[in-house]
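One structure below.
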Amino acid sequence: GQNIDQPTEMTATEGAIVQINCTYQTSGFNGLFWYQQHAGEAPTFLSYNVLDGLEEKGRFSSFLSRSKGYSYLLLKELQMKDSASYLCAVRRTSGGYNKLIFGAGTRLAVHP
Amino acid sequence: GAGVSQSPSNKVTEKGKDVELRCDPISGHTALYWYRQSLGQGLEFLIYFQGNSAPDKSGLPSDRFSAERTGGSVSTLTIQRTQQEDSAVYLCASSFPGLAQDTQYFGPGTRLTVL
C-alpha cells in the first residue's frame, strides 16, 4: 500500500530553524516533492528530490533517504510569512505516467 | 496565461444541483490533474489527463463525478446531484511530463459549498 506520514502541527520562533519530517512507504517511487500552502491558497512548489542527499535552495533545504523512506524539509531564518502548511508528496510512476500521493500536511506556526 | 487558472473561485449550490468547475492549465502542459481538499486535509487525487485522454480515473469518488478535457487544454469537472459531503476545495494542476522533474503547478482552486 501507500502511506505518507508527517506531523500535523509544529510551532517555531521567528529567526529559528525548523525541520519537518516525512516518512513514506510506496511502490514505484520516483521522487519526492515539498509544497507550501498558505491558508486559502494553492500549493506552491518548494523542492524536489529524486536522489539521496540534500538539496539547498536559499533558506529552504530538502533531504531524501530512499533506503529509509524518509525526507525532511529544513527551513532556516524563519520569518512570519513562513507560517503555512507544508505538504510532502511522493511521486509514483506506474503505467507509464507519474502520480503524486500527498501527505496530510504539516501546519507550521511561526511566532515572534 | 502564466499560471493555472480555475473558475469559479467560489461556488455555493443547493443539494441535488449539478455543478461544473473549470480549469485552464499552463500553456503547453499536456498533463492535467484534479484533486479535492477537504478542510484541514491533504490533497485527494481524483483524475489524471494526458492530452484529452484520462488513463487514471481511480480517484473519482462516485459516478456522480465526471471530467473531460478538450483540445488538450481546458478541463471541466462535473458533479451531478451534489451532496453535502462534496463540499471541499477542488484543485487543478498541470505539468509537462516531457521534463524529468515533471513538477505539478496548481491553480487557486474552486471552493464548493453544498447547502
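Residue numbers begin at 1 in each chain, while the letters A, B, ... track the order of the sequences.
A chain of hydrophobic side-chain contacts below 4.5 Å, direct or via other Ile, Leu, Val, Met, Phe, Trp or Tyr residues, connects B:Ile47 to B:Phe65. Under the 4.5 Å side-chain heavy-atom criterion for grouping Ile, Leu, Val, Met, Phe, Trp and Tyr, A:Val50 is connected to A:Phe102 within one hydrophobic cluster. Hydrophobic cluster membership is shared by A:Met80 and A:Leu46, with clusters built from Ile, Leu, Val, Met, Phe, Trp and Tyr side chains linked at under 4.5 angstrom. Both B:Phe45 and B:Leu43 belong to a common hydrophobic cluster when Ile, Leu, Val, Met, Phe, Trp and Tyr are linked at side-chain heavy-atom distances under 4.5 angstrom. Put simply, A:Leu64 and A:Ile4 are part of the same group of oily side chains (I, L, V, M, F, W, Y) that touch within less than 4.5 Å, one to the next.
Only the backbone of B:Ala100 comes within contact range of chain A, with at least one heavy atom under 4.5 Å from a heavy atom of that chain. Only the side chain of A:Leu87 has a heavy atom closer than 4.5 Å to any heavy atom of chain B. Interface residue B:Leu91: only side-chain heavy atoms are found under 4.5 Å from chain A.
Counted within 6.0 Å of CG on B:Leu99, heavy atoms from surrounding residues, nucleotides or ligands total more than 12; the atom is thus considered enclosed. For B:Glu85, the CD atom sits in a packed shell: over 12 heavy atoms of surrounding residues, nucleotides or ligands are nearer than 6.0 Å.
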What donor-acceptor contacts under 3.5 Å connect chain B and chain A, backbone and side chains included?
| unit_1 | atom_1 | unit_2 | atom_2 | d |
| --- | --- | --- | --- | --- |
| B:Tyr33 | OH | A:Asn98 | O | 3.3 |
| B:Gln37 | OE1 | A:Gln37 | NE2 | 2.9 |
| B:Gln37 | NE2 | A:Gln37 | OE1 | 3.0 |
| B:Asp56 | OD2 | A:Tyr97 | OH | 2.3 |
| B:Asp56 | OD2 | A:Lys99 | NZ | 3.1 |
| B:Ser58 | OG | A:Lys99 | NZ | 3.4 |
| B:Ala100 | O | A:Arg91 | NH2 | 3.4 |
| B:Gln101 | O | A:Arg91 | NH1 | 2.4 |
| B:Asp102 | OD2 | A:Asn98 | ND2 | 2.7 |
| B:Gln104 | N | A:Tyr35 | OH | 3.4 |
| B:Gln104 | O | A:Tyr35 | OH | 2.6 |

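Nearest approach of A:Ala42 to B:Gly107, heavy atoms of both residues: CB-O, 2.8 Å.
Residues of residues 76-84 of chain B never come within less than 4.5 angstrom of chain A, heavy atom to heavy atom.
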